[in-house]
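Notes for the one structure printed next.
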Amino acid sequence: MPCRIVVGLKDAVRDARGERVKSEIRQHLGIELHRVRTLDVYTVDAALTAEEIEAAARGPLSDPIIQQVAIDRPLAADFDVLIEVGFRPGVTDNVGRTAREAIQYLTGRPFAAGEAVYTSVQYLLNGQIDKAQAEKIASGFLANGLIQRWTILDKSELDPQKGVPATVPKVDSSSAPQVQKINLNVSDEELLQISRDGMLALNQTEMKELQAYINNPAVQASRHEQGLGAELTDVELEALAQTWSEHCKHKIFSAQIDYEDEKGQKETIDSLFKTYIVGATRDIRKKMGENDFCLSVFKDNAGVIRFNDDWSMVFKVETHNSPSALDPYGGALTGIVGVNRDGYGTGMGARLIFNTDVFCFASPFYDKPLPPRLLHPRRIFDGVIEGVEHGGNKSGIPTVNGSIQFDDRFAGKPLVYCGTASIMPSTLNGRPCHEKQVQVGDHIIMTGGRIGKDGIHGATFSSEELHEGSPVTAVQIGDPITQRRMFDFLIVARDRGLYNSITDNGAGGLSSSVGEMAEDTGGFELHLDRAPLKYPGLQPWEILISEAQERMTLAVPESKIAEFMQLAREMDVEATDLGQFTDSGYYQCLYQGETVCYLDMEFLHEGVPQMQIPARWEDKQHQEPDLGERDLQADLLGLLGRLNICSKESVIRRYDHEVQAGTVVKPLTGIANDGPSDAAVYRPLFDSFEGIVTSHGICPSFSDIDTYHMMACAIDEALRNFVAVGGNVDHVAGLDNFCWCDPVESERTPDGAYKAAQLVRANKALYDYCVAFGVPLISGKDSMKNDYQIGDTKISIPPTVLFSVIGKIEDVRLAVTMDVKAPGDLVYLLGVTADELGGSEYYRMCGELGANVPKVDSARALKLYRTLNQAQQQRLLRSCHDLSDGGLAVALAEKAFAGGFGIAADLARVVGASDLDDAALLFSESQSRLAVTVKEENRQAFEALFADCDLALIGEVTTEEALVLHRGSKLLLRTTNGQNKEAWQAPLREL
Amino acid sequence: MAKEVRSLVIAGNGTNCEREVVAACRLAGSEVADAVHIAEFLAGRVKLADYHFLNLAGGFLDGDDLGSAKAGANRLLHAPVAGGGASLAEQIGQFIDDGKLIMGVCNGFQLMVKMGLLPATDLNYQRQSCSLTHNDCGRFVDRWVSLQTDSDSPCIYTRGLEGIYLPVRHGEGKFVVDSDTTLAQLEAAHLIPLRYADDNFSPTMDYPANPNGSVAAIAGVCDPTGRLFGLMPHPEAYVHYTHHPRWTREKLPEEGMGLWLYQNAIGYIRENVV
């Protein structure tokens with residue numbers, strides 16, 4: 001008999017969670033409640049005595065000072081409606097897992113198979129509501145129907161003796177394991193149907209390739225030897241679909257693209273990835289020669305560059321868009337803990353030191369009707385932020401840098417970028433730590449969590465647009481603690497030399513991790529029935545491709561197996577021996593001794609046919625608007641309150657940005673610790689002042705004019721943020737994360753050729769500017785199907801690239817922050833201002849797009865950045881802030897209020913001012929510009945240093961806390977710091 | 001080295017700050033400072049008795065899934081030690097009897113309070129009389145706070161300090177008591193060495209200077225011996241001036257204010273324990 005332990009706060013204790021839920025129900029749904037209280041429920045489905053249940057309830061499960069407990073009777077009283085929300089069967093229940101462990105410690109006895117603790121939360125609502133409204137509250141805010149279930153009772157329906165009846169969301173495991181065979185000798189139409197029905201995301205050409213493979217007589221003969229029939233098994237078909245998925249194979253970036261520009265000039269590009277991304281890094285490394293700081297690029301889970309003689313730094317940024325659209329909390333949590341595994345699983349393993357996060361959302365205040373299956377942007381905002389908060393904070397990794405971009409097209413698919421940096425010794429046990437090599441005969445060991453149905457078809461699902469049948473199983477919930485225990489264990493195992501290779505289980509699960517590692521040896525033998533399962537009833541193919549979280553795969557040599565397993569047991573980490581790496585040339589899986597998958601490794605990894613994609617660029621003939629006379633003062637305040645510019649403090653403070661005690665320039669800075677830093681400076685070692693600088697650039701709004709310049713601006717933005725705080729522009733690497741809408745022309749995507757041309761142009765700029773700046777690309781990722789399509793409604797995101805950088809600062813004590821420091825300091829603007837309001841935040845505020853998108857002059861910019869580095873080395877700068885969204889006026893306003901002093905400036909002195917109208921002078925988003933302040937006494941040295949750069953002394957820091965901007969004798973605007981800061985802080989303050 | 005001070009952090013299952021606590025102990029002069037995984041204790045290979053200064057570090061023990069540090073406290077109380085040795089809770093009892101020092105920061109403070117180690121007004125270290133619960137704002141918060149010290153407190157760690165400035169980073173930092181009597185005892189015996197304060201270092205109940213709504217603005221408590229101390233703010237996060245959020249605009253001494261707490265502890269051990 002399952003038993004229910006209900007835990008609630010004592011009457012006198014404030015229910016902060018309930019109060020927050022009450023206010024969020026009002027904000028999300030407009031329903032005003034009188035009061036909300038919350039209770040925690042543990043449903044214990046295990047053979048325990050009444051005394052043991054009592055001891056658990058009064059011991060680990062409740063706090064005697066603030067809580068009261070009831071066993072198999074209700075605590076709920078004095079409410080109008082009760083909603084209890086619990087998980088659906090098979091969904092990760094972290095609290096339930098911890099409760100089970102606590103009870104096991106208490107009784108000294110492990111739970112039997114199938115026994116478990118399940119958790120749920122009871123919300124007691126008081127107010128004028130009926131059950132219909134309660135249903136709306138449950139489905140529209142408290143619960144996500146994809147992963148949760150709920151019970152609603154009004155006060156008359158609650159049994160006063162027994163309370164809410166116990167529900168045990170145990171996975172029903174009646175299905176016996178079996179292997180299906182699939183006949184591919186069918187019509188082309190049926191082939192496509194097989195792909196669609198099986199969520200395989202393979203196109204007709206690819207399905208035909210599989211058909212040809214299975215019909216090859218040599219293949220038939222080798223299969224016969226293994227006791228396999230003439231048809232592919234479901235295990236094989238799923239393994240192929242995973243390996244060949246867009247997510248894993250990057251088919252679009254590897255495609256042959258026939259590109260035609262606006263003048264009709266044609267060229268053929270054989271793989272964007274090889275041509276522009278790998279190509280740029282290759283050419284830059286050649287030029288750097290002996291100074292090449294790249295150590296491992298593109299071949300591993302993350303990129304590795306040199307930090308100093310003893311240490312190397314590792315960086316990876318991932319996206320987790322599709323899962324976050326379905327379950328924002330679980331999707332984002334899984335995104336962050338997933339990219340953590342990439343960081344750990346690079347080379348022989350690296351210790352995680354910081355996270356970064358960048359989100360693209362529709363406005364949380366979106367008030368238009370939403371198409372079916374889309375969650376409201378406010379729910380996405382809240383869920384994603386909480387997911388990343390739990391993922392980062394609980395893992396003990398500081399979130400040091402990030403941003404949020406808003407555009408209502410992100411209602412179709414939010415973008416959730418999660419990055420992780422880690423650090424590894426340059427050599428480990430005498431070998432470079434960034435290299436690894438599986439040996440023939442090594443055991444395949446899986447560590448960490450168990451396998452369930454969670455995340456099945458994640459890789460193929462994210463390779464498709466969001467549609468009616470998107471599977472529930474694609475949603476996973478991360479478990480930071482299981483992962484933390486595993487990392488604690490693995491770093492000890494690494495240092496003791498107990499394994500030869502390691503990788504994470506992400507998209508495609510074991511199928512991808514073991515398949516990729518086996519490329520070292522040329523084959524493997526994997527026993528699927530040995531894998532530890534969360535619950536029985538998984539089919540062999542499900543075990544192979546499940547994306548259940550918190551798992552790493554390792555290659556452990558025979559001689560170290562015993563020590564490895566013993567250490568795992570002691571450190572409370574599950575490790576299972578699943579087979580061996582071989583040199584057979586085959587990808588072989590067995591189930592209970594029988595071969596169920598036998599695929600040629602070469603076919604699997606190299607057999608996917610290259611896609612052919614047409615790309616046609618068009619000149620869209622954009623026009624510059626005529627805005628007439630405007631109130632520039634009101635415009636500045638309006639810009640400061642734009643979602644893309646305003647303060648993100650309410651989000652930043654929810655992320656621990658200081659754990660590990662290395663964050664030297666924090667996300668918020670200035671006299672009141674609330675100004676916006678340009679980049680993070682991080683000191684990873686306690687015995688050295690050398691530091692890591694990270695920042696990013698992202699400007700999807702320029703994509704509407706030309707993705708070439710969008711990409712150039714993103715690169716420049718990342719670099720100028722990086723140099724603003726003191727990052728060495730000659731020791732910095734980049735990561736590109738493309739998020740695109742489907743660029744393959746089809747009936748569903750008639751404008752595919754244009755979107756493909758946008759992709760080509762962004763790649764061309766990526767090559768051109770990385771080479772020009774000398775910034776090698778070390779890692780990246782693409783997510784290519786960020787569209788929503790149900791019925792006639794299609795929402796495509798604006799093409800977006802996040803360009804992240806990581807590099808070195810020789811001494812963190814030389815870092816510079818953005819806030820003005822003292823009255824009397826001189827204010828300089830570095831760089832040229834041009835009439836470049838196209839795609840700007842200013843035009844967007846005015847409802848315009850414009851035509852004059854900002855263009856980057858890389859040679860001038862690089863010279864400026866190098867000179868800036870010299871000024872920082874000589875301690876000539878007191879503050880430095882990059883100019884981005886909102887241009888010069890916004891940057892000066894931010895500098896002033898962050899520093900607690902004013903700025904008075906004459907913008908007629910700005911380089912380029914004579915060609916500009918007032919609005920362009922104030923708000924143009926011309927690139928490669930920075931505003932700095934310098935002590936009067938350093939004026940000569942500073943100006944001499946910048947003699948060959950674009951430099952203008954525009955004003956000075958004042959004691960009057962106001963921004964006063966003139967153009968010659970004409971006053972352009974005068975606002976107080978108080979006005980500016982209030983406009984900037986108000987929009988997201990309460991979120 | 002007969003006189004060496006040996007400091008320890010117990011790591012594992014979600015502790016996050018063990019490395020910087022070790023660094024702080026070393027910087028403050030501890031000759032030995034080790035982060036030791038709990039598995040080493042449970043395997044019986046390491047014993048608390050080998051150390052003088054036990055640090056319970058910040059983090060999220062078991063994800064704080066059952067309430068902050070609840071599952072962690074349960075483990076220390078009930079996890080068996082290989083070979084039938086004394087449980088960790090028993091070893092901690094002996095450690096206290098031996099006159100040694102324990103400091104819990106953030107999650108470590110929550111752990112000490114929920115095990116009954118603090119405030120132990122009657123020197124009974126097994127009865128919980130206080131707790132730490134969700135911040136009034138209902139959310140995790142990372143921000144720097146001013147803290148008022150009590151010069152009459154027996155607390156060894158805050159001796160000689162006036163006001164200090166440290167970051168808090170927690171979702172469950174609101175200090176509550178089981179009764180007014182307990183609070184009165186805490187006040188009377190000066191067992192509240194740290195309170196959240198405004199810019200003038202006067203205790204405050206106003207958010208955000210008081211980030212969680214703690215009763216009596218309590219940020220840290222000690223036991224009547226002053227050797228056991230717990231606090232929500234993170235002293236290990238301010239041991240060098242570059243940790244300070246405004247180091248680029250203020251003239252600050254090389255050593256951060258958090259380091260003082262470790263220096264006091266290690267100085268006391270050197271004089272009284274080793």
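Convention: sequence-line order gives letters A, B, ...; per-chain numbering from 1.
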**Asked** Yes or no on side chain to side chain donor-acceptor pair (under 3.5 Å) for D63(A) and Q128(B), after CA distance, side-chain angles and deciding distance?
**Response** CA-CA 9 Å; D63(A) 182 326; Q128(B) 183 182 348; 3.0 Å; yes

**Test salt bridge (charged side-chain N to carboxylate O under 4.0 Å, His left out) applied to E570(A) and R45(B), step by step** = CA-CA 11 Å; E570(A) 282 186 2; R45(B) 283 191 291 267; 2.4 Å; yes

**Request:** Mind running side-chain contact (heavy atoms from CB on, under 4.5 Å) on V141(B) and R654(A) for me, showing each step along the way?
**Result:** CA-CA 5 Å; V141(B) 59; R654(A) 293 173 66 181; over 6 Å; no

**Asked** Taking it one step at a time, do R143(B) and N673(A) satisfy side chain to side chain donor-acceptor pair (under 3.5 Å)?
**Response** CA-CA 9 Å; R143(B) 66 164 61 243; N673(A) 303 340; over 6 Å; no

**Message:** Checking R19(B) against F686(A) for the side-chain contact (heavy atoms from CB on, under 4.5 Å) test, could you report, in this order, the C-alpha distance in whole Å, the side-chain angles of both residues, the deciding distance, and whether it holds?
**Reply:** CA-CA 9 Å; R19(B) 291 182 67 260; F686(A) 296 124; 3.9 Å; yes

**Message:** Test salt bridge (charged side-chain N to carboxylate O under 4.0 Å, His left out) on E24(A) and R139(B); report intermediate values, then the result.
**Reply:** CA-CA 13 Å; E24(A) 290 186 349; R139(B) 276 192 178 152; 3.4 Å; yes

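Not counting sequence neighbours, the partners of D678(A) by the side chain to side chain donor-acceptor pair (under 3.5 Å) test are H881(A).
Taking the side chain as every heavy atom from C-beta outward, R246(B) and T817(A) never approach each other to under 4.5 Å. In this structure, the side chains of F140(B) and H390(A) stay at 4.5 Å or more apart for every pair of heavy atoms. With a 4.5 Å cut-off on side-chain heavy atoms, Y241(B) and R813(A) count as touching. Two residues are said to be in side-chain contact when any heavy atoms from C-beta on lie closer than 4.5 Å; V177(B) and I65(A) fail this criterion. Under the 4.5 Å side-chain criterion, counting only non-hydrogen atoms from C-beta, H134(B) is not in contact with R14(A). Considering only heavy atoms from C-beta on, C17(B) comes within 4.5 Å of V659(A) through its side chain. Between V816(A) and T248(B) there is no side-chain heavy-atom pair separated by less than 4.5 Å.
Heavy-atom distances place no part of A73(B) under 4.5 Å from chain A, backbone and side chain included. With a threshold of 4.5 angstrom between heavy atoms, L567(A) does not approach chain B through any atom at all. Residue H243(B) touches chain A through both its backbone and its side chain, counting heavy-atom pairs closer than 4.5 Å. Only the side chain of R20(A) comes within contact range of chain B, with at least one heavy atom under 4.5 Å from a heavy atom of that chain. Contact of N135(B) with chain A is made through the backbone alone, with heavy-atom distances under 4.5 Å. With a 4.5 angstrom heavy-atom cutoff, F689(A) touches chain B only via side-chain atoms. For E250(B), no part lies near chain A; criterion is any non-hydrogen pair under 4.5 Å. Contacts between V820(A) and chain B at a heavy-atom distance below 4.5 Å involve the backbone alone (N, CA, C, O). Looking at H170(B), neither its backbone nor its side chain comes within 4.5 Å of chain A, counting heavy atoms on both sides. Neither the backbone nor the side chain of S179(B) comes within less than 4.5 Å of any heavy atom in chain A. Contacts between A898(A) and chain B at a heavy-atom distance below 4.5 Å involve the backbone alone (N, CA, C, O). Neither the backbone nor the side chain of T119(A) comes within contact range of chain B, judged by heavy atoms closer than 4.5 Å.
With values rounded to the nearest 0.5 angstrom, D65(B) atom CG is found 7.0 Å from I481(A) atom CD1. Atom CG of D572(A) is separated from atom CZ of R75(B) by 7.0 Å, given to the nearest 0.5 angstrom. Interatomic distance, T133(B) OG1 to L9(A) CG, rounded to the nearest 0.5 Å: 6.0 Å. The SG atom of C137(B) lies 11.5 Å from the CZ atom of R653(A); values are rounded to the nearest 0.5 Å. Between the CG atom in N74(B) and the CG atom in L61(A) there is a gap of 8.5 Å [rounded to 0.5 Å]. To the nearest 0.5 Å, the span separating CG on N13(B) from CZ on R484(A) amounts to 10.0 Å.
Between chain A and the residues G72(B), A11(B), S129(B), the largest count of heavy-atom pairs under 4.5 Å involves S129(B). Note on G58(B), G59(B), A39(B): by heavy-atom pairs under 4.5 Å with chain A, the leading option is A39(B). Per-residue counts of heavy-atom pairs under 4.5 Å with chain B were compared for G96(A), G899(A), G662(A); the largest is that of G899(A). With respect to chain B, the highest number of heavy-atom pairs below 4.5 Å among V492(A), I652(A), I671(A), V665(A) belongs to I671(A). Among I66(A), V812(A), T669(A), D819(A), the residue making the largest number of heavy-atom pairs under 4.5 Å with chain B is D819(A). The choice from A237(B), C130(B), G12(B), P167(B) that makes the most heavy-atom pairs within less than 4.5 Å of chain A is C130(B). Of the listed residues (P480(A), G670(A), G59(A)), the one with the most heavy-atom contacts under 4.5 Å to chain B is G670(A). If you tally non-hydrogen atom pairs under 4.5 Å between each of A12(A), S62(A), G18(A) and chain B, the highest count goes to S62(A). Contact count against chain B (heavy-atom pairs under 4.5 Å) is highest for V95(A) among V95(A), L668(A), D479(A). Per-residue counts of heavy-atom pairs under 4.5 Å with chain A were compared for I38(B), T242(B), D178(B); the largest is that of T242(B).
Judged by distance alone, with hydrogens and angles left aside, the side-chain atoms of D142(B) form a donor-acceptor pair with the main-chain N or O of H657(A) at under 3.5 Å. Side-chain N or O atoms of D656(A) include none that pairs as donor or acceptor with a backbone N or O of R169(B) at under 3.5 Å. In this structure, the side chain of W247(B) engages the main chain of V664(A) through a donor-acceptor pair within 3.5 Å. Here the side chain of K114(B) pairs no donor or acceptor atom with the backbone of P60(A) at under 3.5 angstrom.
Within 6.0 Å of the CG atom in N124(B), the count of heavy atoms belonging to other residues, nucleotides or ligands exceeds 12. Q126(B) CD: 12 or fewer foreign heavy atoms inside a 6.0 Å radius.
The salt bridge (charged side-chain N to carboxylate O under 4.0 Å, His left out) contacts involving residues 658-669 of chain A comprise E658(A)-K666(A), where partners must be two or more places apart or lie in separate chains.
The minimum heavy-atom distance linking L66(B) with A102(A) is given by the pair CD1-CB, 4.0 Å.
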